[in-house]
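Structure first, then comments.
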Amino acid sequence: LTRPQVISIAYPLHNQQRHCSSAQMSRRRVGFCLSDKKRRQINLVAFAELCASHSVEVVEIDLSQPLESQGPFAVIVHKLSDVIVKAEYDSQSQQLLDNFQGYVSTHPHTVLLDPLPAMSQLLDRFASYRIMSQLQNSLRDWRISSPPYLEISTSDLSVIQQDVESKGLSFPLICKTRVAHGSCSHDMSLIFSMAGLSEAHPPCVLQSFVNHGAVLHKVFVVGEDHFTVERPSLKNFPPGPYERKTIFFNSHQVSKPESCSHLTALDEKVPRLPPPSGEAMVALVRELRAELGMALFGVDVIVNINTHTLTIIDINIFPGHWAILHFHLSLTDTLIQNDLQSSKSLYSAIFASMLHFHSYSISCSLSSSLPHQPHISVPLFQAMRECLSSSPPSSVTLSQYWTTRNWKSPRQHVLLLPLHPRLTSEL
Ligand SMILES: Nc1ncnc2c1ncn2[C@@H]1O[C@H](COP(=O)(O)OP(=O)(O)OP(=O)(O)O)[C@@H](O)[C@H]1O
Ligand SMILES: O=P(O)(O)O[C@H]1[C@H](OP(=O)(O)O)[C@@H](OP(=O)(O)O)[C@@H](O)[C@@H](O)[C@@H]1OP(=O)(O)O
(Lines give C-alpha, C1' and ligand atoms only; values in the text may rest on other atoms or scores of the structure.)
(Ligands and ions follow the chains in the order given, each with its own letter.)
Protein backbone atom coordinates (compact mmCIF):
# COMPACT_ATOMS: atom_id res chain seq x y z
CA LEU A 1 0.00 0.00 0.00
CA THR A 2 1.24 3.44 -0.84
CA ARG A 3 1.79 5.70 2.10
CA PRO A 4 -0.83 8.48 1.91
CA GLN A 5 0.86 11.73 1.00
CA VAL A 6 -0.99 13.69 3.61
CA ILE A 7 1.55 12.45 6.14
CA SER A 8 4.04 14.85 4.63
CA ILE A 9 2.02 17.69 6.11
CA ALA A 10 2.74 16.44 9.57
CA TYR A 11 6.51 15.97 9.47
CA PRO A 12 7.83 19.47 8.81
CA LEU A 13 5.62 20.72 11.57
CA HIS A 14 7.48 18.92 14.24
CA ASN A 15 10.70 20.57 13.06
CA GLN A 16 9.13 23.97 13.03
CA GLN A 17 7.62 23.45 16.44
CA ARG A 18 11.10 23.04 17.90
CA HIS A 19 12.11 26.47 16.62
CA CYS A 20 9.08 28.35 17.84
CA SER A 21 9.76 31.67 19.48
CA SER A 22 8.04 32.48 22.75
CA ALA A 23 5.79 34.90 20.85
CA GLN A 24 4.65 32.03 18.68
CA MET A 25 4.24 29.82 21.72
CA SER A 26 1.86 32.30 23.25
CA ARG A 27 -0.27 32.00 20.16
CA ARG A 28 -0.73 28.28 20.46
CA ARG A 29 -4.25 28.47 21.70
CA VAL A 30 -7.28 27.72 19.63
CA GLY A 31 -10.70 28.49 21.04
CA PHE A 32 -13.77 26.47 20.14
CA CYS A 33 -17.21 27.78 20.79
CA LEU A 34 -19.70 25.13 19.77
CA SER A 35 -22.93 23.61 20.94
CA ASP A 36 -22.80 20.49 23.12
CA LYS A 37 -24.02 18.47 20.16
CA LYS A 38 -21.31 19.71 17.85
CA ARG A 39 -18.64 19.31 20.54
CA ARG A 40 -19.68 15.70 21.00
CA GLN A 41 -19.73 15.12 17.27
CA ILE A 42 -16.12 16.17 16.86
CA ASN A 43 -15.13 14.66 20.21
CA LEU A 44 -13.44 17.85 21.26
CA VAL A 45 -12.25 16.55 24.63
CA ALA A 46 -10.28 13.71 23.09
CA PHE A 47 -9.05 15.96 20.33
CA ALA A 48 -7.78 18.48 22.86
CA GLU A 49 -5.70 15.75 24.48
CA LEU A 50 -4.17 14.92 21.18
CA CYS A 51 -3.38 18.56 20.45
CA ALA A 52 -1.77 18.94 23.83
CA SER A 53 0.81 16.38 22.77
CA HIS A 54 1.66 18.78 19.91
CA SER A 55 1.96 21.73 22.32
CA VAL A 56 -1.27 23.14 21.06
CA GLU A 57 -3.87 24.12 23.56
CA VAL A 58 -7.50 23.68 22.66
CA VAL A 59 -9.77 25.76 24.81
CA GLU A 60 -13.51 25.45 25.07
CA ILE A 61 -14.58 29.04 25.35
CA ASP A 62 -16.94 29.86 28.17
CA LEU A 63 -18.98 32.73 26.81
CA SER A 64 -20.24 33.67 30.24
CA GLN A 65 -16.70 34.47 31.40
CA PRO A 66 -14.48 37.30 30.12
CA LEU A 67 -12.73 36.14 26.96
CA GLU A 68 -9.65 38.19 27.78
CA SER A 69 -8.70 35.82 30.58
CA GLN A 70 -9.36 32.75 28.40
CA GLY A 71 -7.16 33.93 25.50
CA PRO A 72 -5.13 35.01 23.71
CA PHE A 73 -6.54 33.03 20.82
CA ALA A 74 -4.83 32.49 17.51
CA VAL A 75 -8.06 31.20 16.06
CA ILE A 76 -11.62 30.96 17.23
CA VAL A 77 -13.83 28.41 15.53
CA HIS A 78 -17.46 28.87 16.48
CA LYS A 79 -21.05 28.19 15.60
CA LEU A 80 -22.92 30.72 17.67
CA SER A 81 -26.15 30.35 15.72
CA ASP A 82 -28.19 29.60 18.85
CA VAL A 83 -26.90 32.68 20.63
CA ILE A 84 -27.37 34.92 17.59
CA VAL A 85 -30.97 33.80 17.11
CA LYS A 86 -31.75 34.09 20.83
CA ALA A 87 -30.17 37.54 21.04
CA GLU A 88 -33.09 38.85 18.97
CA TYR A 89 -35.37 38.56 22.01
CA ASP A 90 -33.13 37.75 24.96
CA SER A 91 -30.94 40.45 26.50
CA GLN A 92 -28.63 37.96 28.21
CA SER A 93 -27.77 36.35 24.86
CA GLN A 94 -27.30 39.80 23.37
CA GLN A 95 -24.84 40.57 26.16
CA LEU A 96 -22.88 37.35 25.49
CA LEU A 97 -22.74 38.24 21.83
CA ASP A 98 -21.59 41.80 22.56
CA ASN A 99 -18.81 40.49 24.80
CA PHE A 100 -17.71 38.06 22.14
CA GLN A 101 -17.76 40.70 19.42
CA GLY A 102 -15.95 43.09 21.76
CA TYR A 103 -13.11 40.62 22.19
CA VAL A 104 -12.86 39.98 18.46
CA SER A 105 -12.80 43.71 17.67
CA THR A 106 -9.99 44.39 20.13
CA HIS A 107 -7.94 41.39 18.92
CA PRO A 108 -7.62 41.90 15.18
CA HIS A 109 -5.00 39.16 14.92
CA THR A 110 -7.38 36.50 16.14
CA VAL A 111 -8.78 34.67 13.14
CA LEU A 112 -12.53 34.36 13.57
CA LEU A 113 -14.27 31.65 11.64
CA ASP A 114 -16.69 33.11 10.70
CA PRO A 115 -17.52 36.79 11.28
CA LEU A 116 -20.78 37.29 13.17
CA PRO A 117 -22.54 39.67 10.75
CA ALA A 118 -21.84 37.33 7.84
CA MET A 119 -23.28 34.42 9.80
CA SER A 120 -26.32 36.34 10.92
CA GLN A 121 -27.47 36.89 7.36
CA LEU A 122 -27.66 33.13 6.80
CA LEU A 123 -29.85 32.67 9.84
CA ASP A 124 -32.56 34.72 8.17
CA ARG A 125 -34.06 33.20 5.01
CA PHE A 126 -35.29 36.64 3.92
CA ALA A 127 -31.65 37.75 3.79
CA SER A 128 -30.09 34.56 2.45
CA TYR A 129 -32.67 34.15 -0.33
CA ARG A 130 -31.99 37.70 -1.46
CA ILE A 131 -28.32 36.77 -1.72
CA MET A 132 -29.19 33.62 -3.65
CA SER A 133 -31.37 35.63 -5.96
CA GLN A 134 -28.72 38.29 -6.62
CA LEU A 135 -26.20 35.60 -7.32
CA GLN A 136 -28.19 34.52 -10.35
CA ASN A 137 -27.04 37.63 -12.23
CA SER A 138 -23.35 36.90 -11.87
CA LEU A 139 -23.81 33.19 -12.49
CA ARG A 140 -26.16 33.32 -15.45
CA ASP A 141 -23.47 32.12 -17.85
CA TRP A 142 -23.17 28.97 -15.77
CA ARG A 143 -26.91 28.39 -15.89
CA ILE A 144 -27.09 28.64 -12.13
CA SER A 145 -30.27 30.03 -10.64
CA SER A 146 -32.42 29.98 -7.54
CA PRO A 147 -36.18 29.38 -7.48
CA PRO A 148 -38.52 32.40 -7.41
CA TYR A 149 -39.74 33.06 -3.89
CA LEU A 150 -41.81 35.38 -1.80
CA GLU A 151 -41.23 36.79 1.68
CA ILE A 152 -44.39 36.38 3.75
CA SER A 153 -44.88 38.71 6.71
CA THR A 154 -48.68 38.83 6.81
CA SER A 155 -51.33 36.26 7.70
CA ASP A 156 -53.87 37.96 5.40
CA LEU A 157 -54.67 35.14 2.96
CA SER A 158 -55.92 37.38 0.18
CA VAL A 159 -52.73 39.45 0.29
CA ILE A 160 -50.61 36.30 0.14
CA GLN A 161 -52.66 34.94 -2.77
CA GLN A 162 -52.34 38.24 -4.66
CA ASP A 163 -48.59 38.32 -4.10
CA VAL A 164 -48.19 34.75 -5.30
CA GLU A 165 -50.14 35.57 -8.42
CA SER A 166 -48.45 38.87 -9.19
CA LYS A 167 -45.00 37.37 -8.67
CA GLY A 168 -45.97 34.48 -10.98
CA LEU A 169 -44.86 31.80 -8.51
CA SER A 170 -45.66 28.31 -9.77
CA PHE A 171 -47.19 25.58 -7.59
CA PRO A 172 -46.28 23.48 -5.77
CA LEU A 173 -44.74 25.93 -3.33
CA ILE A 174 -42.45 24.96 -0.51
CA CYS A 175 -42.98 26.94 2.66
CA LYS A 176 -40.02 27.47 5.03
CA THR A 177 -39.76 29.45 8.26
CA ARG A 178 -37.96 32.78 8.12
CA VAL A 179 -35.54 31.73 10.87
CA ALA A 180 -33.12 29.22 9.35
CA HIS A 181 -31.67 27.74 12.52
CA GLY A 182 -33.03 25.51 15.26
CA SER A 183 -35.25 22.44 15.27
CA CYS A 184 -38.42 24.29 14.17
CA SER A 185 -36.63 25.77 11.17
CA HIS A 186 -36.56 22.36 9.52
CA ASP A 187 -40.38 22.02 9.62
CA MET A 188 -41.66 22.78 6.13
CA SER A 189 -44.70 22.24 3.96
CA LEU A 190 -45.57 21.68 0.34
CA ILE A 191 -48.55 23.70 -0.79
CA PHE A 192 -50.38 22.79 -4.00
CA SER A 193 -53.05 25.45 -4.50
CA MET A 194 -54.15 28.99 -3.68
CA ALA A 195 -56.47 27.62 -0.98
CA GLY A 196 -53.56 25.76 0.60
CA LEU A 197 -51.81 29.09 1.21
CA SER A 198 -53.93 29.45 4.35
CA GLU A 199 -51.40 27.06 5.88
CA ALA A 200 -48.45 29.38 5.29
CA HIS A 201 -47.76 30.96 8.65
CA PRO A 202 -45.70 34.16 8.73
CA PRO A 203 -42.90 34.97 8.89
CA CYS A 204 -41.92 32.50 6.20
CA VAL A 205 -40.79 32.19 2.60
CA LEU A 206 -42.73 30.55 -0.21
CA GLN A 207 -40.40 29.12 -2.79
CA SER A 208 -41.35 27.47 -6.08
CA PHE A 209 -40.76 23.75 -5.97
CA VAL A 210 -38.34 22.54 -8.64
CA ASN A 211 -38.51 18.93 -9.82
CA HIS A 212 -35.03 17.49 -9.49
CA GLY A 213 -35.28 13.71 -9.51
CA ALA A 214 -34.99 13.38 -5.73
CA VAL A 215 -31.25 14.06 -5.68
CA LEU A 216 -29.70 16.78 -3.56
CA HIS A 217 -26.10 17.90 -4.04
CA LYS A 218 -24.71 19.18 -0.78
CA VAL A 219 -21.64 21.34 -1.26
CA PHE A 220 -19.42 21.89 1.75
CA VAL A 221 -17.18 24.92 1.50
CA VAL A 222 -14.06 25.22 3.61
CA GLY A 223 -12.09 28.27 2.56
CA GLU A 224 -10.66 27.70 -0.89
CA ASP A 225 -11.86 24.14 -0.96
CA HIS A 226 -15.17 22.53 -1.46
CA PHE A 227 -16.50 19.05 -1.85
CA THR A 228 -19.84 17.65 -2.74
CA VAL A 229 -21.92 14.73 -1.55
CA GLU A 230 -25.23 13.44 -2.80
CA ARG A 231 -28.21 13.10 -0.51
CA PRO A 232 -31.79 11.91 -0.84
CA SER A 233 -34.25 14.66 -1.59
CA LEU A 234 -37.94 15.29 -2.25
CA LYS A 235 -39.46 13.41 -5.19
CA ASN A 236 -40.96 15.08 -8.28
CA PHE A 237 -44.47 16.48 -8.13
CA PRO A 238 -46.75 17.31 -11.07
CA PRO A 239 -46.86 21.05 -11.77
CA GLY A 240 -49.82 22.71 -10.03
CA PRO A 241 -52.09 24.18 -8.99
CA TYR A 242 -54.34 21.27 -8.07
CA GLU A 243 -56.37 20.05 -5.14
CA ARG A 244 -54.16 18.17 -2.78
CA LYS A 245 -53.69 18.30 0.95
CA THR A 246 -50.67 20.27 2.10
CA ILE A 247 -47.75 17.96 2.93
CA PHE A 248 -45.96 18.79 6.15
CA PHE A 249 -42.46 17.39 6.59
CA ASN A 250 -39.21 17.95 8.40
CA SER A 251 -36.22 18.53 6.14
CA HIS A 252 -34.11 16.15 8.24
CA GLN A 253 -36.53 13.32 7.38
CA VAL A 254 -35.82 13.76 3.70
CA SER A 255 -32.26 14.98 3.23
CA LYS A 256 -30.03 13.39 5.82
CA PRO A 257 -27.74 10.57 4.63
CA GLU A 258 -29.87 8.03 6.50
CA SER A 259 -33.24 9.55 5.48
CA CYS A 260 -35.72 7.00 4.28
CA SER A 261 -39.09 8.58 3.50
CA HIS A 262 -41.96 7.97 1.11
CA LEU A 263 -41.45 11.60 0.08
CA THR A 264 -38.09 10.76 -1.47
CA ALA A 265 -39.22 7.69 -3.44
CA LEU A 266 -39.83 8.66 -7.06
CA ASP A 267 -43.26 7.67 -8.41
CA GLU A 268 -41.91 7.16 -11.90
CA LYS A 269 -38.72 5.84 -13.46
CA VAL A 270 -36.66 8.78 -14.69
CA PRO A 271 -33.14 8.73 -16.09
CA ARG A 272 -30.59 9.92 -13.57
CA LEU A 273 -29.21 13.34 -14.40
CA PRO A 274 -25.45 13.84 -14.56
CA PRO A 275 -24.08 15.62 -11.48
CA PRO A 276 -23.36 19.36 -11.72
CA SER A 277 -20.19 20.17 -13.62
CA GLY A 278 -17.08 20.78 -11.55
CA GLU A 279 -16.47 24.13 -13.26
CA ALA A 280 -19.94 25.40 -12.47
CA MET A 281 -19.51 24.41 -8.83
CA VAL A 282 -16.18 26.21 -8.68
CA ALA A 283 -17.80 29.35 -10.09
CA LEU A 284 -20.69 29.07 -7.64
CA VAL A 285 -18.44 28.63 -4.63
CA ARG A 286 -16.15 31.49 -5.70
CA GLU A 287 -19.06 33.90 -6.06
CA LEU A 288 -20.67 32.81 -2.82
CA ARG A 289 -17.49 33.14 -0.80
CA ALA A 290 -16.98 36.65 -2.08
CA GLU A 291 -20.60 37.56 -1.49
CA LEU A 292 -20.86 36.07 2.00
CA GLY A 293 -17.37 36.87 3.28
CA MET A 294 -17.29 33.47 4.95
CA ALA A 295 -15.00 30.45 4.95
CA LEU A 296 -17.18 27.73 6.45
CA PHE A 297 -20.55 27.17 4.89
CA GLY A 298 -22.62 24.74 2.91
CA VAL A 299 -24.79 25.21 -0.14
CA ASP A 300 -27.56 22.89 -1.26
CA VAL A 301 -27.99 22.52 -5.00
CA ILE A 302 -30.48 20.60 -7.12
CA VAL A 303 -30.60 20.08 -10.88
CA ASN A 304 -33.86 21.01 -12.59
CA ILE A 305 -34.96 17.88 -14.48
CA ASN A 306 -36.54 19.92 -17.29
CA THR A 307 -33.95 22.63 -17.92
CA HIS A 308 -30.87 21.02 -16.31
CA THR A 309 -30.28 24.36 -14.59
CA LEU A 310 -28.30 24.18 -11.34
CA THR A 311 -30.61 25.53 -8.70
CA ILE A 312 -29.48 26.81 -5.31
CA ILE A 313 -32.09 26.13 -2.64
CA ASP A 314 -30.31 26.76 0.65
CA ILE A 315 -27.12 28.10 2.23
CA ASN A 316 -26.00 26.82 5.64
CA ILE A 317 -23.53 28.00 8.24
CA PHE A 318 -20.58 25.75 9.07
CA PRO A 319 -20.42 22.36 7.37
CA GLY A 320 -22.31 19.56 9.04
CA HIS A 321 -20.74 16.74 10.97
CA TRP A 322 -19.82 14.84 7.86
CA ALA A 323 -17.65 17.70 6.67
CA ILE A 324 -15.39 17.44 9.66
CA LEU A 325 -12.88 15.07 8.13
CA HIS A 326 -12.33 17.34 5.19
CA PHE A 327 -12.68 20.43 7.27
CA HIS A 328 -9.53 19.98 9.29
CA LEU A 329 -7.13 19.82 6.42
CA SER A 330 -8.88 22.33 4.24
CA LEU A 331 -8.97 24.81 7.06
CA THR A 332 -5.23 24.61 7.29
CA ASP A 333 -4.98 25.71 3.68
CA THR A 334 -7.43 28.53 4.30
CA LEU A 335 -5.33 29.93 7.08
CA ILE A 336 -2.14 29.58 5.11
CA GLN A 337 -3.64 31.46 2.20
CA ASN A 338 -4.53 34.25 4.59
CA ASP A 339 -0.80 34.82 4.93
CA LEU A 340 -0.60 33.68 8.49
CA GLN A 341 2.91 32.45 7.89
CA SER A 342 3.97 32.43 11.51
CA SER A 343 1.00 30.34 12.41
CA LYS A 344 1.31 28.00 9.48
CA SER A 345 2.92 25.15 11.29
CA LEU A 346 0.59 25.47 14.22
CA TYR A 347 -2.54 25.23 12.15
CA SER A 348 -1.17 22.48 10.01
CA ALA A 349 -0.31 20.55 13.12
CA ILE A 350 -3.69 21.05 14.68
CA PHE A 351 -5.70 20.07 11.71
CA ALA A 352 -3.48 17.26 10.52
CA SER A 353 -3.81 15.88 14.04
CA MET A 354 -7.52 16.32 13.93
CA LEU A 355 -7.66 14.38 10.74
CA HIS A 356 -5.54 11.63 12.22
CA PHE A 357 -7.69 11.52 15.26
CA HIS A 358 -10.81 11.12 13.22
CA SER A 359 -9.16 8.61 10.95
CA TYR A 360 -8.33 6.65 14.05
CA SER A 361 -11.84 6.66 15.45
CA ILE A 362 -13.32 5.82 12.10
CA SER A 363 -10.92 3.03 11.32
CA CYS A 364 -11.64 1.54 14.72
CA SER A 365 -15.35 1.76 14.14
CA LEU A 366 -14.96 0.23 10.74
CA SER A 367 -12.73 -2.60 11.78
CA SER A 368 -14.90 -3.48 14.74
CA SER A 369 -18.21 -3.12 12.95
CA LEU A 370 -17.43 -4.36 9.48
CA PRO A 371 -17.84 -6.87 8.11
CA HIS A 372 -18.31 -9.08 11.16
CA GLN A 373 -21.05 -7.26 12.99
CA PRO A 374 -24.32 -6.56 11.31
CA HIS A 375 -25.10 -3.94 13.93
CA ILE A 376 -23.19 -1.11 12.34
CA SER A 377 -24.77 2.21 13.21
CA VAL A 378 -27.02 3.54 10.49
CA PRO A 379 -25.46 7.03 10.40
CA LEU A 380 -21.97 5.60 10.11
CA PHE A 381 -22.98 3.22 7.38
CA GLN A 382 -24.83 5.93 5.50
CA ALA A 383 -21.93 8.29 5.87
CA MET A 384 -19.65 5.69 4.34
CA ARG A 385 -22.06 5.04 1.53
CA GLU A 386 -22.37 8.75 0.93
CA CYS A 387 -18.63 9.07 0.67
CA LEU A 388 -18.27 6.15 -1.66
CA SER A 389 -20.87 7.57 -3.99
CA SER A 390 -19.21 10.96 -4.06
CA SER A 391 -16.14 10.01 -5.96
CA PRO A 392 -14.40 11.96 -7.25
CA PRO A 393 -15.18 15.06 -5.18
CA SER A 394 -15.82 18.01 -7.45
CA SER A 395 -12.82 19.89 -6.11
CA VAL A 396 -10.13 17.32 -5.65
CA THR A 397 -7.29 18.54 -3.52
CA LEU A 398 -4.69 16.15 -2.30
CA SER A 399 -6.16 15.94 1.15
CA GLN A 400 -9.67 15.43 -0.11
CA TYR A 401 -8.58 12.80 -2.56
CA TRP A 402 -6.67 11.11 0.17
CA THR A 403 -9.62 11.11 2.50
CA THR A 404 -11.99 9.76 -0.09
CA ARG A 405 -9.55 7.12 -1.21
CA ASN A 406 -8.97 5.97 2.29
CA TRP A 407 -12.62 5.64 3.01
CA LYS A 408 -12.70 3.15 0.22
CA SER A 409 -9.88 1.16 1.81
CA PRO A 410 -10.41 1.80 5.48
CA ARG A 411 -7.54 -0.38 6.56
CA GLN A 412 -5.16 2.17 5.14
CA HIS A 413 -6.07 4.48 8.00
CA VAL A 414 -4.10 2.28 10.28
CA LEU A 415 -0.98 3.24 8.38
CA LEU A 416 -1.26 6.72 9.77
CA LEU A 417 -1.35 5.72 13.36
CA PRO A 418 2.36 5.19 14.03
CA LEU A 419 2.65 8.96 13.84
CA HIS A 420 0.87 9.06 17.18
CA PRO A 421 2.45 6.61 19.59
CA ARG A 422 -0.32 7.08 22.13
CA LEU A 423 -2.94 6.09 19.62
CA THR A 424 -0.86 3.19 18.37
CA SER A 425 -0.56 1.81 21.85
CA GLU A 426 -4.31 2.08 22.26
CA LEU A 427 -4.76 0.05 19.12
N1 LIG B 1 -37.24 24.89 -4.08
C2 LIG B 1 -37.16 23.58 -3.86
N3 LIG B 1 -37.48 22.72 -4.84
C4 LIG B 1 -37.43 21.39 -4.63
N5 LIG B 1 -37.09 20.83 -3.46
C6 LIG B 1 -36.76 21.64 -2.44
C7 LIG B 1 -36.77 23.06 -2.59
N8 LIG B 1 -36.41 23.59 -1.42
C9 LIG B 1 -36.17 22.58 -0.59
N10 LIG B 1 -36.38 21.40 -1.18
C11 LIG B 1 -36.31 20.07 -0.57
O12 LIG B 1 -36.50 20.24 0.82
C13 LIG B 1 -35.32 19.85 1.55
C14 LIG B 1 -35.08 20.81 2.68
O15 LIG B 1 -34.89 22.13 2.20
P16 LIG B 1 -33.79 23.11 2.82
O17 LIG B 1 -32.44 22.67 2.41
O18 LIG B 1 -34.17 24.49 2.50
O19 LIG B 1 -34.02 22.79 4.38
P20 LIG B 1 -33.11 23.08 5.64
O21 LIG B 1 -33.85 22.61 6.83
O22 LIG B 1 -32.70 24.50 5.60
O23 LIG B 1 -31.90 22.11 5.35
P24 LIG B 1 -30.51 21.93 6.16
O25 LIG B 1 -30.65 20.68 6.94
O26 LIG B 1 -29.47 21.84 5.08
O27 LIG B 1 -30.37 23.14 7.01
C28 LIG B 1 -34.23 19.84 0.50
O29 LIG B 1 -33.22 18.96 0.87
C30 LIG B 1 -34.96 19.39 -0.75
O31 LIG B 1 -35.21 18.00 -0.70
O1 LIG C 1 -24.31 21.95 12.95
P2 LIG C 1 -25.58 21.69 13.68
O3 LIG C 1 -25.44 20.66 14.72
O4 LIG C 1 -26.17 22.97 14.21
O5 LIG C 1 -26.66 21.13 12.64
C6 LIG C 1 -26.58 21.35 11.24
C7 LIG C 1 -26.61 20.02 10.59
O8 LIG C 1 -25.41 19.32 10.90
P9 LIG C 1 -25.37 17.96 11.70
O10 LIG C 1 -26.68 17.26 11.52
O11 LIG C 1 -24.22 17.26 11.11
O12 LIG C 1 -25.16 18.35 13.11
C13 LIG C 1 -26.62 20.15 9.06
O14 LIG C 1 -26.77 18.88 8.54
P15 LIG C 1 -26.28 18.51 7.08
O16 LIG C 1 -25.79 19.76 6.41
O17 LIG C 1 -25.21 17.50 7.30
O18 LIG C 1 -27.52 17.97 6.48
C19 LIG C 1 -27.78 21.03 8.60
O20 LIG C 1 -29.01 20.42 8.91
C21 LIG C 1 -27.72 22.36 9.29
O22 LIG C 1 -28.82 23.11 8.89
C23 LIG C 1 -27.75 22.20 10.82
O24 LIG C 1 -27.54 23.46 11.38
P25 LIG C 1 -28.72 24.30 12.01
O26 LIG C 1 -29.84 24.31 11.00
O27 LIG C 1 -29.12 23.61 13.27
O28 LIG C 1 -28.09 25.63 12.18
Side-chain angles (χ1 to χ4, degrees), residues 6 34 37-38 41-42 77-79 81 113-114 118-119 122-123 128 131-132 135 144 180-181 186 215-233 251-252 255-259 275-303 310-335 337 351 354-355 358-359 362 379-380 382-407:
V6 73
L34 302 170
K37 175 185 152 199
K38 202 110 184 151
Q41 278 179 340
I42 67 170
V77 180
H78 75 99
K79 183 164 179 178
S81 314
L113 297 172
D114 272 313
M119 280 178 69
L122 295 189
L123 296 172
S128 65
I131 294 172
M132 277 158 40
L135 220 62
I144 296 175
H181 167 78
H186 304 297
V215 178
L216 174 71
H217 302 275
K218 260 187 131 41
V219 187
F220 296 103
V221 181
V222 189
E224 292 286 314
D225 275 331
H226 73 270
F227 62 98
T228 310
V229 295
E230 278 183 22
R231 290 269 181 93
S233 192
S251 64
H252 286 187
S255 288
K256 284 289 178 189
E258 67 278 14
S259 296
S277 88
E279 288 92 345
M281 288 299 208
V282 167
L284 166 63
V285 168
R286 195 181 43 232
E287 284 295 321
L288 258 179
R289 281 191 63 218
E291 186 62 40
L292 298 173
M294 290 173 67
L296 306 175
F297 60 93
V299 50
D300 294 348
V301 175
I302 55 179
V303 182
L310 287 195
T311 311
I312 312 168
I313 53 164
D314 186 31
I315 312 174
N316 292 310
I317 293 167
F318 203 119
H321 174 48
W322 175 233
I324 295 293
L325 265 176
H326 298 260
F327 167 68
H328 306 311
L329 279 178
S330 307
L331 186 58
T332 315
D333 296 342
T334 310
L335 293 164
Q337 278 146 22
F351 293 110
M354 261 179 153
L355 178 83
H358 283 281
S359 301
I362 289 159
L380 174 63
Q382 293 291 349
M384 286 165 56
R385 217 183 57 170
E386 187 178 64
C387 184
L388 297 180
S389 68
S390 71
S391 172
S394 45
S395 153
V396 183
T397 64
L398 180 64
S399 61
Q400 289 171 4
Y401 173 69
W402 174 85
T403 308
T404 308
R405 197 185 54 175
N406 279 277
W407 272 88

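Position 1 is the first residue of the sequence, and the numbers go up from there.
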- Distance in Å, Glu287 CD paired with Ile312 CD1, rounded so as to fall on 0.5 Å steps: 10.0 Å
- Note on the structure: Smallest heavy-atom separation, Ile315 atom then Ser128 atom, equals CD1-O, 4.4 Å
- Query: Out of curiosity, Asn316 CG to Lys79 NZ, how far, rounded to the nearest 0.5 Å?
  - Reply: 7.0 Å
- Item | Minimum side-chain heavy-atom gap Val219-Val301 below 4.5 Å | yes
- Message: For the OG atom of Ser251 and the CG atom of Asp314, what is their distance to the nearest 0.5 Å?
- Response: 8.0 Å
- Task: Quick one: pull up OG in Ser81 and CD1 in Ile317 and give me the separation to the nearest 0.5 Å.
- Result: 4.0 Å
- Query: Between atom NE2 of His217 and atom CD of Glu230, what is the distance when rounded to the nearest 0.5 Å?
  - Reply: 5.0 Å
- When rounded to the nearest 0.5 angstrom, what is the spacing between CG in Leu296 and NE2 in His78? 8.5 Å
- Item | Side-chain donor/acceptor of Ser255 to backbone N/O of Pro232, under 3.5 Å | yes
- Query: So which heavy atom on Ala295 is nearest to which on Asp114, and how close?
  - Reply: N-OD1, 2.8 Å
- Task: Apply side-chain contact (heavy atoms from CB on, under 4.5 Å) to the pair Leu288 and Val221, showing each step before the final yes or no.
- Result: CA-CA 10 Å; Leu288 258 179; Val221 181; over 6 Å; no
